[in-house]
Amino acid sequence: MNLPSSTATSTSESPDTAAGAISPEMCGACKSQDSWVIHSARLRGVLRFYCTHCLLRNHPASFCPTCFAFYDSSPPHQSRRVSCSDCSSVTHIHCAGDAKSPPYRCPPCRDPDGFSFFRPIVDENGARCMDKALSEAFLCAAKIAASSMSKAVTFYRSEAERKGKDAAVAKKRAREALEDVLKLDEKAKLAVSKPSVDHLSGNRDQKPKQSPASNGGLKQIESSATAQVKKQSPSVVVQVKQEK
């Protein structure tokens with residue numbers, strides 16, 4: 001199987017690349033720019049971009065490093081697997097062969113500098129191609145990337161639902177707080193206006209009080225008028241008798 005060229009078709013740098021960010025066309029581990037084999041995966045909560053070799057190297061517990069079988073749900077039973085003493089990779093016991101006696105070391109750990117999960121073959125024409133083993137490694141890396149992104153989608157969907165519920169609760173509390181503030185404001189306005197209304201109604205119902213001086217003056221006037229009537233009453237009686 002022939003592979004496309006890894007030469008970049010565009011020489012212009014994006015703002016993210018110019019600022020030192022990892023480009024989707026570059027491996028974040030080995031800085032390889034073989035854009036046709038760059039996989040996106042979520043590792044430790046961060047979205048990363050890896051070539052096939054680096055993706056498999058950073059997910060040792062997700063596949064068998066010998067036959068490239070992808071462990072979708074869980075690795076094989078302990079009776080049918082052997083674990084590497086240097087990393088967390090799990091190998092089928094029948095794939096380990098004679099090297100399964102402890103301490104077992106997986107192929108990448110036996111030769112950490114020279115081993116590569118994915119090294120394309122270059123033919124006599126300079127074209128790169130893959131054989132069956134490389135195809136299996138590439139397919140395993142693609143499955144790991146797809147599973148990682150699927151888990152990321154599930155995680156972020158649950159996060160979005162949780163934040164949506166939190167936002168609804170916060171909105172309800174804010175509305176209730178606003179209603180309480182409006183009620184308190186109305187009570188404050190009523191408390192300010194009530195004393196003035198009571199003062200006006202009290203003035204209307206209250207009778208005008210007369211001062212002691214005015215009461216004494218009225219009594220003097222009444223007594224003087226009574227005395228004058230008494231003085232004039234005998235003459236009036238005499239005049240009435242004479243007329244008769």
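As the structure is a computational prediction, the values presented were derived from the model and not from experiment.
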Subject >> Between NE2 on residue His59 and CG on residue Leu43, distance to nearest 0.5 Å >> reply: 5.0 Å
**OP:** Heavy atoms only: give me the nearest Leu134-Phe118 pair and the separation to one decimal.
**Re:** O-CE1, 3.5 Å
Original post:
Do Leu47 and Met149 come close enough that some side-chain heavy atom pair is under 4.5 Å?
Top reply: yes
Original post:
Parallel under 30°, tilted from 30 to 60°, perpendicular over 60°: which one fits the rings of His39 and Phe138?
Top reply: tilted
Original post:
Can you check whether Asp111 reaches Pro107 side chain to side chain, under 4.5 Å on heavy atoms?
Top reply: no
Original post:
Considering all heavy atoms of both residues, which atom of Asp86 and which atom of Cys109 are nearest to each other, and what is their separation?
Top reply: CB-SG, 3.7 Å
Let me check something: any side-chain donor-acceptor pairs from residues 168-182 under 3.5 Å, sequence neighbours excluded? List them with distances.
none

Subject >> Approximate separation, where rounding is to 0.5 Å, of Arg105 CZ and Ser89 OG >> reply: 11.0 Å
Original post:
Do Pro65 and Thr91 touch side chain to side chain, with heavy atoms closer than 4.5 Å?
Top reply: yes
Original post:
Once the angle between the rings of His94 and His92 is folded into 0 to 90°, is it parallel (under 30°), tilted (30 to 60°) or perpendicular (over 60°)?
Top reply: parallel
Original post:
Considering all heavy atoms of both residues, which atom of Ala133 and which atom of Phe68 are nearest to each other, and what is their separation?
Top reply: O-CE1, 4.2 Å
Original post:
Are any of the side-chain heavy atoms of Cys30 and Tyr50 separated by less than 4.5 Å?
Top reply: no
Subject >> Any side-chain heavy-atom pair of Leu56 and Phe63 under 4.5 Å >> reply: yes
Original post:
Checking side chain to side chain contact (heavy atoms under 4.5 Å, CB included) for the pair Arg81/Tyr71: CA distance, chi angles, key distance, verdict?
Top reply: CA-CA 12 Å; Arg81 72 184 185 191; Tyr71 304 143; 6.0 Å; no
Original post:
To the nearest 0.5 Å, what is the distance between CZ (Arg57) and CG (Leu55)?
Top reply: 12.5 Å
Original post:
What distance separates Lys132 NZ from Leu139 CG, expressed to the nearest 0.5 Å?
Top reply: 12.0 Å
Subject >> Closest non-hydrogen atom pair, Phe70 against Ser62 >> reply: CD1-O, 3.2 Å
**OP:** Mind checking the SG-NZ spacing from Cys54 to Lys31? Nearest 0.5 Å is all I need.
**Re:** 10.0 Å
Original post:
Quick one: SG on Cys87 to CG on Asn58, what's the gap to the nearest 0.5 Å?
Top reply: 11.0 Å
Original post:
Would you call the rings of Phe117 and His53 parallel, tilted or perpendicular if under 30° counts as parallel and over 60° as perpendicular?
Top reply: tilted
Original post:
Does the distance from a Lys or Arg side-chain N to an Asp or Glu carboxylate O, for Glu186 and Lys183, drop under 4.0 Å?
Top reply: no
Original post:
Can you name the nearest heavy-atom pair linking Ser83 to Val90, along with the distance?
Top reply: OG-CG2, 4.3 Å
